[in-house]
Undergrad: 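Below are the structure tokens for one structure; questions will follow.
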Amino acid sequence: MKKSDVIVIGSGCGMNIVEEALGHEMSVALVDKGPIGGTCANLGCIPSKMLIFAADRIAEIQEAGKLGIEAKIKNIDFLFIMERMRKFISENQQHMKHGLSQAEGLVFYEGEGHFTNEYTIEVNGEEIKGDKIFIASGSRPFVPPIKGLDGVDFLTNESTLQLKEKPESLIIIGGGYIAVEYGHFFAAMGAKVTILEMADRLVLAEEPEVAELLKRELSRHMDIYTGVQAEEVKGSGQGVTVMVNDLKAGGNKEFTAQRILVAVGRKSNADLLKGENTGVEVDKRGFIKVNDYLETNQKNIFAVGDANGQQMFTHVANVEASLAADNAIHGSKLKMDYSAVPHAVYSHPQIASVGLTEEAAGKVYKILVGRAKYSDVAQGDAMREENGFAKAIAEADTGKILGFHIIGPYAPILIQEVVNAMASGGSINQIQSSMHIHPAISELIPAVLSNLESV
Ligand SMILES: Cc1cc2nc3c(=O)[nH]c(=O)nc-3n(C[C@H](O)[C@H](O)[C@H](O)COP(=O)(O)OP(=O)(O)OC[C@H]3O[C@@H](n4cnc5c(N)ncnc54)[C@H](O)[C@@H]3O)c2cc1C
């Protein structure tokens, strides 16, 4: 049996650990079934945002009329947009494979691994034992048990990336961030999009008023039904028919489209690993249980990124990976802090958010809440941004920022100032005492904070 100081399962955020361990002259076995580089680089953030960038340009042209610019899009080359993305992803994979083949002290096992015994993994028929093991095995699309679904050729966020032709019409089951991002993309490409969401609103993690504006804005380009549960799917002459139960009004409805995309959440990959063979515990959703130090219940086995199901974003996964490596390799006792985790939704309009919602904060703290519209600051007016807004939640006694939510152009960029402030203690004064360029859309942040009042 082979022995290794460190085994890393998963080449997404796991690569941070590989680098750290190699930097300390440890022998490392990296196990990945592919595609090399993990979800973000191959199937998630990067390809989706490459596609959405094109969709944003289309939306901008379509909306130019509000500034007195009459523009017409002559042609949208769907295949070109898809191929540009696929070429980038494939070159990135080649680059990464080359890098792995050059790294001294590293053995890369390209295959699906699983635990056979304590601290022992089998991959491609070979067993490897590791002193320290990092599970960074990520997640995959969750496919719900809808009657008839397995009988039709449905898309997931993975197979969508292989499309060569634009679907003329598309039903998206799900209303989370992946659903609304792809809804925006396909609608901009000219597909007739229908979103079917079981909950009573889209993007459940967001402030309800943010979700409401999102639905209103997206509805200009697609049909959105919330409070409907997909019960059955059937192949039909024109494509696919989805039967739903209307949870509010009662009764059934049917929707038909050429293709259907299932985007209802993520499933842990931990089942593939057979963690029970090394005594690693999972929670009831199948994600690997960890403590604040990202240790599993087994000494020297850590779980990071989507594998532990805490906050499933790449920036979180990378911070977790570095922290776990630090704890394991340097014997540190660093705790993971999730209090200022930002995230973005690249729909149209864009959304960005950090910290608590008003409802969650109000349960724990005495709070102040403030709002401002983009149009309340000079640049927002210049942009003719009429609906976008931001909302802040702060602790009444200390002025500490507890949450911040933005919907509108450049939201993911704008929020960073708040994230930085929150990460370093984060009081309102920290932001209010620094100068903001005038006119710039960043004036929205102090504008929101000036409007804070008790609720
Ligand atoms: C469509 C989409 C868009 C997204 N957009 C964003 C975004 O804009 N911003 C953001 O922050 N996050 C985004 N995410 C989420 C982000 O991609 C994930 O949170 C992140 O990639 C998780 O990284 P990870 O290292 O934990 O897992 P992964 O990157 O999934 O890596 C896990 C690796 O382990 C391998 N593996 C699993 N099991 C085994 C096994 N048994 N044997 C061998 N190998 C195995 C897998 O093949 C994979 O390569 C998006 C996700 C999706 C699906």
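Atoms within a ligand are numbered from 1 in the order they appear, just like the ligands themselves.
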Undergrad: Who's closest to atom 29 (O) of ligand 1 heavy-atom-wise, of T39, I46, N42, L30?
TA: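 Going through T39, I46, N42, L30 one by one, T39 has the nearest heavy atom to atom 29 (O) of ligand 1.
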Undergrad: I need the minimum non-hydrogen distance between R266 and N157, along with the two atoms involved.
TA: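 Looking at all heavy atoms of both residues, the closest pair is NH1-OD1, 3.3 Å.
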Undergrad: Using the six-membered ring wherever Trp is involved, compare the ring planes of H315 and F313 and label them parallel, tilted or perpendicular (cut-offs 30° and 60°).
TA: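 Ring orientation of H315 relative to F313: parallel.
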Undergrad: Under 3.5 Å between some N or O of ligand 1 and some N or O of N157?
TA: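 The answer is no, given that N157 and ligand 1 share no N or O pair closer than 3.5 Å.
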Undergrad: For T314, is at least one N or O under 3.5 Å away from an N or O on ligand 1?
TA: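 Between T314 and ligand 1 (N or O atoms, distance only) the closest approach is under 3.5 Å.
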Undergrad: For atom 27 (O) of ligand 1, which protein heavy atom lies nearest, and how many Å away is it?
TA: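 For atom 27 (O) of ligand 1, the nearest protein heavy atom comes out as G138 CA, 3.3 Å.
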Undergrad: Determine, for F53 and R57, whether the Lys NZ or Arg CZ falls below 6.0 Å from the six-membered ring centre while staying within 45 degrees of the axis.
TA: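 R57 over F53 ring: yes.
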Undergrad: Considering heavy atoms of the protein only, find what lies nearest to atom 2 (C) of ligand 1 and give residue, atom and distance to 0.1 Å.
TA: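 Ranking protein heavy atoms by distance from atom 2 (C) of ligand 1, first comes G44 CA, 3.4 Å.
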Undergrad: Is K333 close enough and on-axis enough to Y293, meaning under 6.0 Å and within 45°, for cation-pi?
TA: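 Cation-pi check for K333 and Y293: passes.
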Undergrad: Can you name the atoms of ligand 1, numbered from 1 with element, that are less than 4.0 Å from a heavy atom of A136?
TA: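 In order of numbering, the contacting atoms are 31 (O), 32 (C), 33 (C), 34 (O).
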Undergrad: Do you know which two heavy atoms are closest between A41 and N92, and how far apart they sit?
TA: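 Reported closest heavy-atom pair: CB-ND2, 3.9 Å.
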Undergrad: Heavy atoms only: which of G111, C40, P35 is nearest to atom 17 (O) of ligand 1?
TA: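 Answer by nearest heavy atom: C40.
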Undergrad: Which of these passes side chain to side chain donor-acceptor pair (under 3.5 Å) with E91: K87, H95, Q93?
TA: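 It is K87, the one option of K87, H95, Q93 that forms the side chain to side chain donor-acceptor pair (under 3.5 Å) with E91.
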Undergrad: Looking only at distance, does N269 have an N or O less than 3.5 Å from an N or O of ligand 1?
TA: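 Min N/O separation from ligand 1 is not below 3.5 Å for N269.
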Undergrad: Taking only heavy atoms of S137 into account, list the atoms of ligand 1 that are under 4.0 Å away from them.
TA: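 With S137 as reference, the close atoms of ligand 1 come out as 32 (C), 34 (O), 36 (N), 37 (C), 38 (N).
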Undergrad: Which ligand 1 atoms, with their elements, are less than 4.0 angstrom from a heavy-atom of M312?
TA: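 The atoms of ligand 1 under 4.0 Å from a heavy atom of M312 are 15 (C), 19 (O).
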Undergrad: Report yes if some heavy atom in the side chain of Y225 is under 4.5 Å from a heavy atom in the side chain of T194; otherwise report no.
TA: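 Yes. Closest side-chain heavy atoms under 4.5 Å.
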Undergrad: For atom 51 (C) of ligand 1, find the nearest protein heavy atom and state the residue, atom name and distance (0.1 Å precision).
TA: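 So the nearest neighbour among protein heavy atoms is Y177 OH, 3.4 Å.
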Undergrad: Please determine whether any non-hydrogen atom of K49 lies less than 4.0 Å from an atom of ligand 1.
TA: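 Within the 4.0 Å threshold, so yes.
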Undergrad: Short question: side chain of N291, backbone of E295 - any donor-acceptor pair under 3.5 Å?
TA: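 Judged by distance alone, yes, a pair lies under 3.5 Å.
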Undergrad: Considering the heavy atoms of G10, write down every atom of ligand 1 situated less than 4.0 Å from one of them.
TA: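 Checking each atom against G10, I get 33 (C), 34 (O).
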Undergrad: Which heavy atom of Y346 sits nearest a heavy atom of K49, and at what distance?
TA: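 Here Y346 and K49 meet closest at CD1-CE, 3.6 Å.
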Undergrad: Provide the number and element of each atom of ligand 1 under 4.0 Å from a heavy atom of D306.
TA: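 Heavy-atom distances to D306 below 4.0 Å select 18 (C), 19 (O), 22 (C), 26 (O).
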Undergrad: Considering only non-hydrogen protein atoms, determine which one is nearest to atom 33 (C) of ligand 1 and report residue, atom name and distance to 0.1 Å.
TA: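 Among all protein heavy atoms, the one nearest atom 33 (C) of ligand 1 is D32 OD2, 3.4 Å.
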Undergrad: Report, as yes or no, whether the 6.0 Å neighbourhood of atom NZ on K274 holds more than 12 heavy atoms from other residues, nucleotides or ligands.
TA: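 Count not over threshold, so no.
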Undergrad: For atom 42 (N) of ligand 1, find the nearest protein heavy atom and state the residue, atom name and distance (0.1 Å precision).
TA: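 Closest protein heavy atom to atom 42 (N) of ligand 1: G113 N, 2.8 Å.
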Undergrad: I'd like to check R259 versus D153 (side-chain heavy atoms, cut-off strictly below 4.5 Å). Are they in contact?
TA: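 R259 reaches D153 side chain to side chain.
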Undergrad: I want to check something: taking the side chain as every heavy atom from C-beta on, are I301 and Y119 in contact at a cut-off of under 4.5 Å?
TA: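 Yes, their side chains come closer than 4.5 Å.
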Undergrad: Distance under 4.0 Å to a non-hydrogen atom of G305: what atoms of ligand 1 satisfy this?
TA: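 In order of numbering, the contacting atoms are 26 (O).
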Undergrad: Less than 4.5 Å apart, any side-chain heavy atom of D337 and any of V319?
TA: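 With C-beta onward as the side chain, the pair stays apart.
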Undergrad: Is ligand 1 less than 4.0 angstrom away from at least one heavy atom of R266?
TA: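 Contact check R266 vs ligand 1: positive.
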Undergrad: Are any of the N/O atoms in K33 less than 3.5 Å from those in ligand 1?
TA: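 Such a contact does occur with ligand 1.
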Undergrad: Are Y109 and ligand 1 in contact, using a heavy-atom cut-off of under 4.0 Å?
TA: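 False for this residue.
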Undergrad: Tell me, which protein residue and heavy-atom name are nearest atom 13 (C) of ligand 1, and how many Å apart are they?
TA: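 Nearest neighbour among protein heavy atoms for atom 13 (C) of ligand 1, to 0.1 Å: C45 SG, 3.3 Å.
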Undergrad: Give the residue and atom name of whichever protein heavy atom lies nearest to atom 23 (O) of ligand 1, and the separation in Å to one decimal.
TA: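 For atom 23 (O) of ligand 1, the nearest protein heavy atom comes out as A317 CB, 4.0 Å.
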Undergrad: Test H348 against every option in E217, E63, Q62 by the side chain to side chain donor-acceptor pair (under 3.5 Å) rule and name the one that passes.
TA: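 For H348, the side chain to side chain donor-acceptor pair (under 3.5 Å) check succeeds only for E63.
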Undergrad: Using distance alone, decide if ligand 1 has a nitrogen or oxygen within less than 3.5 Å of any nitrogen or oxygen in G14.
TA: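 No - when backbone and side-chain N and O of G14 are compared with those of ligand 1, no distance drops under 3.5 Å.
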Undergrad: Do V369 and K391 have side-chain heavy atoms sitting under 4.5 Å apart?
TA: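 Contact flag for V369/K391 side chains = yes.
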Undergrad: Do any N/O atoms on C13 end up under 3.5 angstrom from N/O atoms on ligand 1?
TA: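 There is such a contact, yes.
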Undergrad: Short list, please: which atoms of ligand 1 are under 4.0 Å from a heavy atom of G34?
TA: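 Counting from 1, the qualifying ligand atoms are 47 (O).
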